[in-house]
Amino acid sequence: MATTITDSQKPFSLDPYHVSEEFGFILPAPLMPLLNTQFLESHRELRLAHLALSVMTMGYVWQEGEDDTVKMLPRNLAIPYCEVSQRLGLPPILTHADAVLANWKKRDPQGLFDMENLELLVTLPGGDSVRGFFMVTLLVELAAVPAIKSIPLVINGVQCSDVETVTRALEEFSQAMQGMTDALKLMHVYVKPEVFYGIMRIYLSGWKDNSSMPAGLVYEGVQAEPMEYSGGSAAQSSLLHCFDELLGVKHEAKSGAFLTRMRNYMPPSHKRLIQDISLQPSLRGFVQQQACEPLTASFQLCVTKLLALRSYHINVVSRFITVPAARARQLRNQGNISQEETVSRAPTALEETGTGGSGIMSFLKTVRDRTRDVSI
């Protein structure tokens, strides 16, 4: 008669416990599969994937600082990253559309859209200042919503020669720009300049117009030749591009070329909106033709508020970049590279340029001055 072996009588083995006779508790030959992007369907899913892959890429590239950057992004990251980027029409690098526009959640879903109730989905080195920087920038974007909503009213009003509608819409527009400036002031409350300059900035920089990575970055399994992409920049926000096109601001050649290139770092639909605004009849020409005092005053107030916003941005850049850069140079000249001085850790390649690669102060001042030219 056959003997039945119960579970308790079976030979004891390590196999069910995922323990290897050769490696013990070590996982033998860990898999590094490609991330599969085929199950990503919605726009929001793709944006989340792009954000996550972007942050992983920036961390991988810049983790050892500017003196020991990698030359190749591994295929396990590069291939899915480029697949997602192609489907979205975005470049495979961290952009404003990732770090700001798609990187937030409410702590209390029913609560207010404010600093106390907002949190990042993913973060970078820099502690609370990282959250502060991205969340304040997000609040600037939110403050602009009434201005964005007024753009169709202005355009349709011009097409119909409806002076009253255009005047009211421009009043909403100027109020929103004041709200943007007010929101930008929170940067001084929530972000430490030395942390932004000394720790955060390198993770926002790219591999175009950057002496730390003059040859760009090879995306393994995608293309054998290195590719160059600019880092994140406020110039990648679609807001001021829309405003400039509506008000008729014309930038000088070098600044204009940089701004045009930054549109390639926006979601294609946002870029298309900017282009379509530029094709509409001239608002400034309409205002001059109507010679209506309230209309002219509303237009001029919009220009004044845009000027004030750009001037305040220069103030912010001075405090968060120019002043810390001067301190970092002073420390290096003194041979005093101290870990106690956070600014001394900052990459030298970014002292005179923005993370997008522009000569930052000269660029901002030129853009501001050209804004003044549309005054009536």
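Keep in mind that this is a model prediction, so the values were computed, not measured. Any value given below was found using the heavy atoms of this structure, including those in side chains, with hydrogens, waters and symmetry copies removed.
Here R368 pairs with nothing under the salt bridge (Lys or Arg N to Asp or Glu O under 4.0 Å) rule; sequence neighbours left out. In terms of the side-chain contact (heavy atoms from CB on, under 4.5 Å) criterion, residue partners of K305 (sequence neighbours excluded) are, by chain and number, S174, M177, Q178, L301. Scanning for side-chain hydrogen bond (donor to acceptor under 3.5 Å, both in side chains) contacts around Q63 gives an empty result, with sequence neighbours left out. In this structure T165 satisfies the side-chain hydrogen bond (donor to acceptor under 3.5 Å, both in side chains) test together with D162, sequence neighbours excluded. Evaluation of the side-chain contact (heavy atoms from CB on, under 4.5 Å) rule for P214 yields no partner, not counting sequence neighbours. A search for side-chain hydrogen bond (donor to acceptor under 3.5 Å, both in side chains) contacts involving T57 returns nothing, not counting sequence neighbours. With sequence neighbours left out, L34 forms a side-chain contact (heavy atoms from CB on, under 4.5 Å) with I79, P80. Taking H241 as the reference, nothing meets the ring-ring contact (aromatic ring centres under 6.0 Å, His included) condition, with sequence neighbours excluded.
To the nearest 0.5 Å, the span separating CG on N315 from CE on M187 amounts to 11.5 Å. Here the OG atom belonging to S230 is positioned 7.5 Å from the CD atom belonging to Q236, to the nearest 0.5 angstrom. Rounding to the nearest 0.5 Å gives a distance of 10.5 Å between CD1 of I93 and CD of E228. Expressed to the nearest 0.5 Å, how far OH of Y203 lies from OG of S54 amounts to 15.5 Å.
Annotation: F286 is not in aromatic contact with F299 [ring centroid separation under 6.0 Å not met]. Between F113 and W104, the ring centre distance stays below 6.0 Å. Residues Y81 and H50 bring their aromatic ring centres within 6.0 Å.
For the pair C242/I148, no side-chain contact is recorded, criterion being any heavy-atom separation below 4.5 Å from C-beta on. Annotation: side chain of M361 is in contact with side chain of I314 (closest heavy-atom distance under 4.5 Å). Inter-residue side-chain proximity for Q300 and T304 is flagged as met; some heavy-atom pair is nearer than 4.5 Å. A heavy-atom distance below 4.5 Å is found between the side chains of H96 and E141. V136 is not listed as a side-chain neighbour of K185, based on a closest heavy-atom distance of 4.5 Å or more. Contact of the S129 side chain with the Y190 side chain is not registered, since no non-hydrogen atoms from C-beta on lie closer than 4.5 Å. Side-chain contact between L90 and P267: present, with at least one pair of heavy atoms (C-beta onward) separated by less than 4.5 Å. The closest side-chain heavy-atom distance from F243 to L309 is not below 4.5 Å.
Minimum interatomic distance between G132 and V191 (heavy atoms only, all atoms of both residues): C-CG2, 3.6 Å. Between P268 and L88 the shortest heavy-atom distance is CD-O, 3.1 Å. Of all non-hydrogen atoms in E220 and R75, the two that sit nearest each other are OE1-N, 2.9 Å. Nearest approach of R319 to P324, heavy atoms of both residues: O-CD, 3.2 Å. Closest approach of V158 to P281, counting heavy atoms only: CG1-CB, 4.2 Å. A pairwise comparison of heavy atoms in A176 and P146 identifies CB-CB, 4.1 Å as the closest pair.
Looking at Q330, its side chain never comes within 3.5 Å of a backbone N or O of A326 through a donor-acceptor pair. Between the Y265 side chain and the G231 main chain, no donor and acceptor come within less than 3.5 Å of each other. A donor-acceptor pair under 3.5 Å is absent between the side-chain atoms of N103 and the main chain of F134, judged by distance alone.
Residue pairs satisfying the salt bridge (Lys or Arg N to Asp or Glu O under 4.0 Å) criterion with at least one member in residues 103-118, sequence neighbours excluded, are listed as follows: R107-E119. Every pair tested for side chain to side chain donor-acceptor pair (under 3.5 Å) that includes a residue from residues 20-35 fails, sequence neighbours excluded, so the list is empty. Residue pairs meeting the side chain to side chain donor-acceptor pair (under 3.5 Å) criterion with at least one member in residues 266-294, sequence neighbours excluded, are Q159-Q280, N264-K271.
In summary, E245 and R263 engage in a salt bridge, as defined by a charged side-chain N under 4.0 Å from a carboxylate O. A salt bridge is defined here as a Lys NZ or Arg NE, NH1 or NH2 lying under 4.0 Å from an Asp or Glu carboxylate O, and R168 with E164 meets this definition.
Classified by interplanar angle (parallel below 30°, tilted 30° to 60°, perpendicular above 60°), the ring pair F196/F133 is tilted. Using the six-membered ring where Trp is involved, F258 and F363 have ring planes that are perpendicular, over 60° apart on the 30 and 60° scheme.
Clustering ILVMFWY residues whenever any of their side-chain heavy atoms sit less than 4.5 angstrom apart, transitively, puts L246 in a cluster other than the one holding L153. Hydrophobic clustering, with ILVMFWY side chains joined whenever heavy atoms are under 4.5 angstrom apart, groups V145 together with L139. Hydrophobic clustering (ILVMFWY, side-chain heavy atoms < 4.5 Å, transitive): Y60 and M200 are in one cluster. Under the 4.5 Å side-chain contact rule for hydrophobic residues, V249 and M266 do not share a cluster. Put simply, L138 and L124 are part of the same group of oily side chains (I, L, V, M, F, W, Y) that touch within less than 4.5 Å, one to the next.
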Working for ring pair (Phe, Tyr, Trp, His ring centres under 6.0 Å), residues H18 and F25: CA-CA 8 Å; H18 299 292; F25 289 105; over 10 Å; no
Might you work through the side-chain hydrogen bond (donor to acceptor under 3.5 Å, both in side chains) test for E64 and T69, ending with a clear yes or no? CA-CA 6 Å; E64 299 297 334; T69 55; over 6 Å; no
Salt bridge (Lys or Arg N to Asp or Glu O under 4.0 Å) between R131 and D128, worked out: CA-CA 5 Å; R131 175 183 172 272; D128 289 341; over 6 Å; no
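For Q223, the CD atom is densely surrounded, since the number of other residues' heavy atoms within 6.0 Å is greater than 12.
Residues R370 and S255 bring no donor and acceptor atom of their side chains to less than 3.5 Å of each other. The closest side-chain donor-acceptor pair between E83 and T37 falls under 3.5 angstrom.
Between H251 and the choices D369, T366, T260, D244, the side-chain hydrogen bond (donor to acceptor under 3.5 Å, both in side chains) rule is met once, by D244.
By the 4.5 Å side-chain criterion applied to Ile, Leu, Val, Met, Phe, Trp and Tyr, V323 is assigned to no cluster and stands alone.
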